[in-house]
Amino acid sequence: MVELEQLRSYPDTTAKTTRPTSVGPSSPVSAVMRDSSAARGKSKKCFAKMLKQQEGSRRKSIKRKAEVVGSSQHSTPIDSSSSVLSGANSSSIASSIASAEGGPLELSNLGMTPTPPGYPQTSAPTSTPSSSDAKKVDTTPSQSVVPDAKVRLLERASPVMATTSKLGEEHFAFHDGSAIIGNVVEGGLKAFKKMKSEEQTRSRILAIEKIRTECAENGKAGIVAGHYSFWDKEEDENVNVVWTDGDRDTFTHMLYLNVPSKIVEERRKGDTSRGRAAVSAAHLEKWQNSEVGELCSVCFKHNIDFADLNFDYDHPVLASALLRGFKEHLEVSNLCRATEALDDIMAKGNPRLETMLVLDGDRTLCAVDTGSMFWAELEKEDLLKRIFSRPLKYTLNAFLEASSSYEKGTDSALYESTCKAVAAKVKLHPEFVKLLGLVGDVSHVGAVVVTCRLRRLWEIVMDNAGFSTSVEVIGAGRAGNGYVVTAEVKAMLVRRLQVKYGMHVWAFGDSPLDLPMLKEADEAIVVVGEKGTRSKTMDKELQIAIADDGLLARQALLPSHVDSRLDTAELRLFDMRAPEEMKSIFLRRKPLAVRHASTNAAKLLQTPMRNAENSGVALQAIHKKVGWFLATELVTEVIGMEEHRIPHVQGGFTTGYRLLREGRTTIIALMRGGEPMAKGVHEAFSLAMFVHANCPFDLKAHHLEGQETVLLVDSVVNNGTTIVEFMKRIKVLVTGIRVVVVTGVAQKKSISENGPLARVGRDGLTVVALRLSENKYTGKGGTDTGNRLFNTTHLG
């Protein structure tokens, strides 16, 4: 696996021009073949699934057909203004396809993302591709064998060749686009050059399909050097685009290795193997700009991950590392290292911990950005601002480059002294000073700062504030740090604290980078600072996270006079100065109470529920009986009874009984499977409010305000995820309300000592069930309880 330290030690990839980093057409390109659009869709979900794993282990391999990396190039060392791993344009583009033994490999796994919409286009003359962004032609793949082009590729001193020579041939297959075209066309490149435009396009498509087939057969990642466009004549107004539908349908990644136009000019002049028209450096740069702009647009439109890597003589080292990283799941490696850091903290920590506070650093614990302050202290340009403003945004590659910038900009002594100087200027919010002080006084609550900024700097901040023994820090650093902290890392660490260590996690953050962490946490607090310093994109991202991802959070205003984010009805306030709010953080965990029926009556009720012959109205009637039974037999024991005056049939009044505070009870039917059972509960407690809820956001404040008890009713509790999300929602809306889960069947894993319900119900939760089950099977289709209840098994 590629070591993170290796990547950080590579030469600076910072552009020497003002153009942002992205992958573009005028450089040599190396690309990976696309098996299908569906496969790419699966790859998008792969990492999200990994976050849900209990351990930070590698993803299971998914068999894939092929992997191809392509680059656009001329046949000289560097022919163009930029090239795709080599090319007429001397910049480089690298794209790669999924490996045979791994899942789909995308630039997003290395922190690269598809080019965002609105990427600034250059003012250079535009080319004239067809409306589909590529030349189209009907073709049937040729069955001719493509001769091995590796030798020819490695003999040339182009950026692509220098890159591929460092990778080896065990896992990678290298292809020279021009050489393959020459072997596909009868008569070679000479005959190809004499063809009409449509015939040339057909040949190019045949060539890339041949590469795709070969990679599918040998299971290697294909690296292809090729062209995106030609613009050799300065007097021409339009660029000749040679990108085809075959390229579009094959490549999944594009790395544009952008070589300075002056170097390209000199290499073109020194290429005596073929006659080339003189082209000025100014024109080459215009050519590069044109290609970058178009590739950004084309790749974004067709879901191809694109990155423009700007570097000079040393770029093959980094490019080869990036390509190797595609196969070696660098993202997973980084997650594992960060997880190890957390495990080390937990191993030496207090074994009696029940609650963990996970805190972002900059603009959460304090009002400042320590990253910008670091470079200001050195009186140097803020490299972080430049790095994170590129299309790579806040991705692993961007964070690796940021880490590399500290390595190159400082030695160990200067790094340490600068961290100390900046830390001395950091003033923590008084509310957090008080909170962390309380953490140091108790044994059941811990705290860890998880920051994308510098770990050492924040260690000094904590030391200066007197929290060095009670607050740990996980963060980035120079090469020796071993990992960087991304949004995915933050989310994974929260998940690990919950799953492996059974922690009830409070997460505090202020920016979009914190949203994945906040979504995973049991209690999510968005810290809102002064308008002039807080994240400008957070409002929009918050709305998306709440509406689309089901984020359940509250907001803390620091200082208290600042304007809130969104509507406080949508993102409720959490007042860190209020004693009750602070008290809620330090609640001791109460054991999860589980009550289940063991009487003969319960056994009789279980039988028709489990009978496969019962469905529809008949099964609904059975569930309603179970609901009434659980309510009268068990819920009344949990909550208690109260007397009330009722008229007697013989006249006068007598004493009746009902659920304690029945009129201040809300029954929530978790739709749709929980509705019949909930109706039985409601029949027993007729004074209670009845609410249908398809999702947690169906619960509104008026359903809970003034109430004392909530009965969450579902037919089956499998892994407990649904109940956890409803519990989070309830806590966001109100505090101090008693919650009882009523269900027909509860899986034992969901109610285990460190299970999800025990964690989320630390301040008191009771589960009432007809029976407990060891069976971990979750019903689907014909076995799904909801489908059986409503005669929709055929739709499952």
Side-chain angles (χ1 to χ4, degrees), residues 17-20 22-29 71-76 78-84 86-93 115 118-137 177-178 181 189 192-205 226-245 247-248 254 256 258-269 271 274-302 306 308:
T17 67
T18 58
R19 186 166 54 251
S22 60
V23 175
S26 58
S27 316
V29 175
S71 89
S72 121
Q73 70 165 39
H74 289 293
S75 57
T76 56
I78 297 184
D79 317 322
S80 68
S81 60
S82 60
S83 49
V84 194
S86 99
N89 309 327
S90 297
S91 315
S92 308
I93 298 177
T115 306
Y119 183 88
Q121 300 299 311
T122 64
S123 58
T126 57
S127 55
T128 55
S130 67
S131 59
S132 64
D133 301 305
K135 296 183 179 180
K136 294 185 177 181
V137 62
S178 298
I181 289 174
L189 286 175
F192 172 80
K193 291 178 180 179
K194 296 178 182 179
M195 288 180 172
K196 294 180 179 180
S197 176
E198 183 175 330
E199 293 175 331
Q200 289 183 339
T201 300
R202 184 189 303 275
S203 298
R204 290 188 175 102
I205 292 176
H227 297 289
Y228 175 79
S229 68
F230 294 98
W231 198 5
D232 287 301
K233 296 181 180 180
E234 297 190 24
E235 63 269 23
D236 288 348
E237 294 184 0
N238 295 322
V239 181
N240 178 25
V241 175
V242 294
W243 170 273
T244 70
D245 282 351
D247 299 312
R248 179 201 66 195
M254 284 287 175
Y256 192 86
N258 206 323
V259 178
S261 57
K262 261 298 188 188
I263 298 176
V264 179
E265 181 185 30
E266 292 301 320
R267 291 199 181 186
R268 284 176 62 94
K269 290 179 180 178
D271 179 20
R274 52 179 129 171
R276 292 187 179 280
V279 179
S280 68
H283 178 71
L284 290 171
E285 185 171 357
K286 184 186 297 185
W287 185 351
Q288 287 177 323
N289 291 341
S290 173
E291 286 189 317
V292 169
E294 289 187 18
L295 269 181
C296 285
S297 176
V298 170
C299 289
F300 178 78
K301 179 178 180 180
H302 298 295
F306 175 72
D308 178 4

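We're numbering straight along the sequence, starting at 1. Predicted, not measured: the structure shown is a model, and the values here were computed from it. Any value given below was found using the heavy atoms of this structure, including those in side chains, with hydrogens, waters and symmetry copies removed.
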Fill in: Glu199 side-chain N/O to Lys196 backbone N/O, donor-acceptor pair under 3.5 Å
yes
Item to complete: Give a yes or no answer on whether the side chain of Thr201 reaches the backbone of Ser197 with a donor-acceptor pair at less than 3.5 Å.
Response: yes
Discussion item. Closer than 3.5 angstrom, by distance alone: can the side chain of Glu234 be matched with the main-chain N or O of Val279 as a donor-acceptor pair?
Written reply: no
Discussion item. A side-chain contact here means heavy atoms from C-beta on lying under 4.5 Å apart; do Thr244 and Val242 qualify?
Written reply: no
Worksheet item: Between Trp243 and Val298, is any pair of side-chain heavy atoms under 4.5 Å apart?
Response: yes
Worksheet entry | Aromatic ring pairing Trp231/His283, orientation class (parallel under 30°, perpendicular over 60°, tilted between) | perpendicular
Fill in: Gap separating the CG atom of Asp232 from the CG atom of Leu284, nearest 0.5 angstrom
9.0 Å
Item to complete: Would you kindly say whether Trp287 and Ser229 are connected by a side-chain donor-acceptor distance under 3.5 Å?
Response: yes
Worksheet item: Is the shortest side-chain N to carboxylate O distance from Arg204 to Asp245 below 4.0 Å?
Response: no
Worksheet item: Just by distance, with hydrogens left out, do Glu265 and Ser280 show a side-chain donor and acceptor under 3.5 Å apart?
Response: no
Fill in: Nearest-0.5 Å distance that lies between atom OH in Tyr228 and atom CG in Asn240
11.0 Å
Worksheet item: Taking C-beta and beyond as the side chain, do Lys286 and Val239 meet within less than 4.5 Å on heavy atoms?
Response: no
Worksheet entry | Between CD on residue Glu285 and OG on residue Ser290, distance to nearest 0.5 Å | 12.5 Å
Worksheet, complete the sentence: Rounded to the nearest 0.5 angstrom, the CD1-CD1 distance for Ile205 and Ile181 is 11.0 Å
